[in-house]
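Okay, structure first, notes after.
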Amino acid sequence: MDMNKGKIDETIEIKLLINFSTNEVPNIPHSICSILNGKYEDVLNNELSTSIIKEINNCHSLEEVIYKSISETNIYQSWLCTGIASLLYFVQCNWTGPYTDKDIDWLKAERHKALKNLSLHDECNINVQKPELLYLSKIIFSNMDLQLQYKSCTWWLLRANYLHQHILEENSGIIFKETENLISIISSLDILEDPLCNLLFNLEATRFYLCFRRTQDSEKYLDQAQSIAGLTLTLHGAMGKRTRYQLEEKSQLYLKAEISKEIFPTINCEDIPISVTLDDELRLERIEFTEHTEETNLGAVEEAIILTKYTQLQMCQPKHKLTQEEIKPYMTKVIESTKNWSLKMTSLYCRCSLEHDHFRTAPRSLKQGQSLDQEYSDGKVPVARRMDLFFTSGMKPIWTLREEVAFQMFHLDMVKAALEAYTKLGLWEEVITCYRRLDLNHKASEIIQQELSKKPTVKLWCLLGDTTGDVSHYETAWRLSGEKSSRAQRQWGYYYFTRKNYVEAVPHLKLSVELNNIQEGTWFRLGFAALQIENWNLAATAYRRYCALEPSSFEAWNNLAKAYIKMGNIVRARKSLEDAVKCDYNRWEVWDNFMVVNTDLRHFSEIIRCYHRIMDLKGAHLDVQVLQILTNAIINDINDANGNPASRLLQKSLELFGRLSFKVDNAHIWKMYAQLVALKKTDVDDEKAAHYLQQAYRVATFDPHWSDNEDQTLYVLELCCDLTQAYLRCTTDVINKKRKLLGSAKLSLQKVVKEVKRQEWTQSHILESLTKVEEYLTVVTNKLDEIKPV
């Protein structure tokens, strides 16, 4: 087949996407064979490059050359293969290895322009190698004519964008928006009729969303991938041992994988990375199960699903030892069974990250990280086998692995070794931390100024501002970026934010998120700062955007509700607090806020539910104002927000007050409890009401100085009136019992009247209440005289 004239069919497009062929394809073009065998340089240096060099030498830009060549000569196949080879060669140089210093001569001149265009107004990671390869592939895959010829071209652009995000210092809203559109386009392509292609696409879409920590968006695609594979994953318990000297077996978690169809075909790698042995005198290398656990044979594609599930679970659940134990079986399953190079590398890297903070596993974590670094440089495994399922593996760039190794060194007190590693990686914040650990604080600003003298960057100027506290350095960084860097504005805003100068912080934080709207931490700080300066609209906007990016933060939902309340939008505040409760079901403060908003909106049944939950969490809780509103609503039979009468909640409210009165001895509680009980209007309940009011009287007058306070005096006088009415309502045929009730009332009233008169109050409202109590005292005395024994 002529390289420049032929057009490959969809079958070969699929083979390029999955990176292997399970059967011999007749007349397969040489360039495609080279890609499938990992010989990317050969494709990039074919006869096509000659014409490109000639055009570039004629002062045409690379974009113009490619656009002109594709639109005028129709050599689609050559350009598709060039784009794929360029992208995969970029992966080899930055992810899978083995790295080669050799450049593509005709493309090397584009390096500076590539970095400038790929930076998207911020900066690329300084460790990225041969960025011109990614730049070339993106130009090719973005060509509309080529996309019309090859449906897979859009998919390759998605892959290029995924890699592009990984080389940036900041999450990019531009890449996110563009790639979401690509995912939508690919979802409707005929190429997804192939089940393996469909599964790989869903996994790659999941990985993309996880890259941006959009766990909710990722769920749909991961579930679809599992469904296509016919894979069911469930955690089970089986008896086993975890330590060498463990005598008693305990239930241990393991992952059970079941497949309802045949596994997808893949190619095994003969020399996969080695799992370093855990050399510990106590812990076993792996759990020794004494109960038989059946193992299902898995393929690499199914293992990729399991590893992706592990990443998703780790990201969406709180960091806790118990959580780690629940998700670890997913990772362990892949480590122990996979024969795929990139999945093995990624799963071992995940274990390094998981084990680096425990003294028993930290040494193994360091050795494993160093072993993986060596694996990157080792040329033993063919390039093509390293690339199998790469885009579904979630594999990190090589500099991320080396950063993890340096982190492990630092936490094992190998500070000088960590300093050297961080310096090579250009991680100047970590370099500063190392110098501080070594008591060489003066070196911190020196090293940054030294690097600035070599090549000034936005990041370095911002770091110098952080280190010296000189705000002018942020301004320099801002000017250097052409006034387009979100980092410069963010760090500038953080400078003021940490000093609680929120008025100055807000404009910088606001501009930062306008330049790049995918910044969770910046949105959160902007919301907080806006609350402090009482800019409620801005606070609501900031917290709303933060919650869209990070929906599991109860604090953000809570603060969003506060902003809405200040704006007078109680309905939206309630919805925000409802989401806050879902995020943290065990935080009583959120339930308290939720209860208050429900009170304002007359959701009376929710008030009762919230109050019970608060008591579940803290034992005792007193909010007289909320309880009084609930009590009044039931007494007056007010309709709730849904038009239902509040009286229907009488029994539930009595249950609440019964529980509350057991926990809290408060006069207001007893009085409201009595008012609600009296609504039942039975002889028994009338006696209960009188008893509860007597309890209220006891608590209210417990303090011998109650009559010194005007409000308390008035409250006791009103309580005496209620108490007397309750006693008079109690009808009983037992004379002795009636005499005892009225006698109790008489003593209480006499005591109060005497105490109030002793204080010689002159306020009219107190004197009026005192007169009422004296009248009730006369009534009670007369009743007692009527039933006086002869």
Ring-ring centroid check [X] [Y], cutoff 6.0 Å:
X    : Y    : result
F528 : Y543 : no
Y496 : Y502 : no
Y564 : W536 : no
F497 : H508 : no

Verify whether one side chain among [X] and [Y] offers a donor that lies under 3.5 Å from an acceptor in the other.
X    : Y    : value
Y330 : T311 : no
T631 : Q675 : no
W670 : D665 : yes
Q491 : Y495 : no
N632 : Q628 : yes
Q725 : Y776 : yes

Discussion item. Return the CG to CH2 distance between N593 and W557, rounded to the nearest 0.5 Å.
Written reply: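 Reported value, rounded in 0.5 Å steps: 15.0 Å.
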
Worksheet item: Between F594 and R613, is there a cation-pi geometry (under 6.0 Å to ring centre, at most 45° from the normal)?
Response: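 Judged by the rule (NZ or CZ under 6.0 Å from the ring centre, within 45° of its axis), R613 is not positioned above F594.
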
Discussion item. Would you call the rings of H411 and H356 parallel, tilted or perpendicular, taking 30° and 60° as the class edges?
Written reply: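 H411 vs H356 ring planes: parallel.
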
Discussion item. Under 4.0 Å between a side-chain nitrogen and a carboxylate oxygen: does that hold for R659 and E655?
Written reply: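 Answer for the salt bridge query: no.
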
